Number of protein chains: 2
Amino acid sequence: MATRGRPRTFDPDTALRQALDLFWERGYEGTSINDLAQAMGIASPSIYACFGSKEELFRRVMALYGATAGEPPRRALREQPTAREAVHAMLRATADQITGPDTPHYCMLILAAATGTVENHTVREFLADRRRDMHDTIKHRLARGITDGDLTAPPDTLDGIARYYTTMVQGLSVQARDGATRAELETVVSCAMAAWDTLAPPAPPQADETP
Amino acid sequence: MATRGRPRTFDPDTALRQALDLFWERGYEGTSINDLAQAMGIASPSIYACFGSKEELFRRVMALYGATAGEPPRRALREQPTAREAVHAMLRATADQITGPDTPHYCMLILAAATGTVENHTVREFLADRRRDMHDTIKHRLARGITDGDLTAPPDTLDGIARYYTTMVQGLSVQARDGATRAELETVVSCAMAAWDTLAPPAPPQADETP
DNA sequence: TCGTTTGTTTATTGTTCGATAAACAAAGGA
DNA sequence: TCCTTTGTTTATCGAACAATAAACAAACGA
């Protein structure tokens with residue numbers, strides 16, 4: 001049972017990318033179905049047939065956003081050899097991402113639905129959940145630093161340090177939204193990293209390592 | 001020419017406070033005129049007669065917000081004796097403010113209109129202007145620290161340091177919105193202050209300093 | 001070819017949006 | 001006592017909102 005019925009005249013992935021562009025620019029509530037239909041090049045019934053509802057479309061869009069724009073900071077966190085380098089690279093990747101020439105200057109996850117009507121509460125909480133995931137991801141990376149031996153912070157401080165750098169990422173998004181340049185964000189990142197050695201002193205004798 | 005015509009049956013200041021409560025909860029676009037009329041206890045034509053339009057009402061509300069909720073952080077910045085204490089107290093006052101028991105857990109200035117429809121662009125820029133004022137205010141306080149002799153940072157780093165602490169304040173708002181407690185914000189503030197001595201070494205022969 | 005299935009097109013649905021017109025009410029000035 | 005002024009009340013305005021019903025179109029299986 002493969003292809004019964006009239007074939008679709010548009011590519012859902014392409015349409016999703018076009019929806020992403022518009023949601024990114026105007027946020028969830030600032031984007032109407034009519035605007036979306038026009039940007040996606042289809043009529044509104046096709047949106048509902050393919051994606052279900054405005055909220056479901058937005059969730060699909062956010063998945064795409066996470067897999068594309070959200071990937072560089074996450075990769076930095078994952079691939080850098082030490083916790084310090086990982087956090088630093090993540091902050092720089094974030095600064096890059098939110099000052100790109102072809103996209104709005106902020107992180108969708110943070111500003112696309114911060115406040116709004118009562119009826120859209122579930123959408124805001126959906127984004128809030130993803131933001132809380134950011135904190136967990138950073139915290140786990142710090143814990144890995146302890147396991148790897150490149151980080152010697154007291155384990156009970158990890159949550160606070162992770163929250164501190166999460167807060168930085170979220171603040172950077174507001175800064176970029178308000179017109180801060182990439183260079184200005186770099187100074188902020190440098191300040192944020194200046195706290196590192198106080199918060200997490202480097203491991204003293206790093207001679208022999210790697211079992 | 002004093003009081004001609006029918007006297008007003010409501011107190012504009014009280015109505016403004018009630019409008020503040022609702023705008024604070026739902027943001028600019030999330031709050032409708034009907035909602036406002038109900039919360040203010042008057043009919044919508046009275047809103048227009050007294051305040052002009054939704055946008056003008058919101059600007060009045062934000063002035064009230066700045067004079068009330070916005071005052072403690074500003075006062076901390078103004079009244080603390082050293083730049084370091086001023087910034088630290090400002091961060092703590094901000095954390096207090098955005099985790100209060102009777103108000104939404106975020107700063108209106110930062111999250112009440114982050115994204116939205118094209119037609120409300122002027123409202124978003126109005127808030128963005130006020131946020132840029134935050135940066136200027138902090139920067140001037142740092143400059144005063146140099147004049148007062150309690151701060152020995154290179155003058156060309158003041159903008160970056162000010163932007164760093166502005167970014168912190170803005171990030172804290174997102175954290176509180178997502179449910180971070182006052183205690184959790186305190187750990188973030190501590191981390192933020194850990195960067196201070198690296199960024200701005202304390203003046204050597206200065207008498208006082210209180211941890 | 002014909003019936004079934006699926007997608008698109010067209011035309012709306014009822015609701016809510018910000019904002020007003022018109023009628024009515026309460027005050028001062030003459 | 002009118003007349004003017006100002007505010008409230010009532011009833012909307014046209015536009016935009018998210019979401020659909022119904023009619024039409026294009027594919028497959030038989």
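Bear in mind the structure is a predicted one, so any value in this text is a computation, not a measurement. Numbered from 1 within each chain, the chains take letters A, B, ... in sequence-line order.
Protein atom CZ of B:Arg8 is 11 Å distant from nucleotide atom C1' of D:dT8, rounded to whole Å. Rounded to whole Å, atom P of D:dA19 lies 10 Å from atom CG of A:Leu57. Atoms CZ (B:Phe58) and P (C:dA19) sit 14 Å apart, rounded to a whole Å. Protein atom CD of A:Glu119 is 10 Å distant from nucleotide atom C1' of C:dT15, rounded to whole Å. Between B:Glu55 atom CD and C:dC17 atom P the separation is 18 Å, expressed in whole Å. Atoms CD (A:Gln38) and P (D:dC17) sit 11 Å apart, rounded to a whole Å. Straight-line distance from the CG atom of A:Asn34 to the P atom of D:dA18: 8 Å, rounded to whole Å. Across the protein-nucleic acid pair, A:Leu36 atom CG and D:dA18 atom P stand 8 Å apart, rounded to whole Å.
Within the nucleic acid shown, B:Pro45 comes within 4.0 Å of at least one base atom, counting heavy atoms only.
Between A:Glu85 and A:Arg92 no salt bridge is recorded (no basic side-chain N to carboxylate O distance below 4.0 Å). With respect to the salt-bridge test (charged N to carboxylate O, under 4.0 angstrom), the residues B:Glu186 and A:Arg163 do not qualify. The residues A:Arg132 and A:Asp129 are annotated as salt-bridged, a charged nitrogen and a carboxylate oxygen being separated by less than 4.0 angstrom.
Between C:dA27 and B:Arg4, no contact under 4.0 Å exists linking OP1 or OP2 to a side-chain N or O. Residue B:Ser32 has a polar side-chain atom (N or O) positioned under 4.0 Å from OP1 or OP2 of C:dC17. Neither OP1 nor OP2 of C:dG7 sits under 4.0 Å from any side-chain N or O of A:Ser46.
Picking from D:dT20, D:dA11, C:dG18 the nucleotide with the shortest atom distance to the side chain of A:Tyr48 gives D:dT20. The side chain of B:Ala43 approaches D:dT10 more closely than any other nucleotide in the set D:dT10, C:dG7, D:dA26. Comparing C:dG28, C:dT20, D:dT6 against the side chain of B:Arg6 picks out D:dT6 as the nearest.
Comparing B:Ile33 and A:Thr9, the nucleotide of DNA chain C nearest to each residue sits closer to the 5' end for A:Thr9. Nearest-nucleotide mapping onto DNA chain C: of A:Ala49 and B:Lys54, the residue sitting toward the 5' end is A:Ala49. Residue order along DNA chain D, read from the 5' end via each residue's closest nucleotide, puts B:Gly5 first among B:Thr117 and B:Gly5.
Cation-pi check for A:Arg60 over A:Phe51 is not met; the charged atom does not lie both under 6.0 angstrom from the ring centroid and within 45 degrees of its normal. Taking the ring centre of A:Tyr28 as origin, the terminal cationic atom of A:Lys54 falls inside the region bounded by 6.0 Å and 45° from the ring axis.
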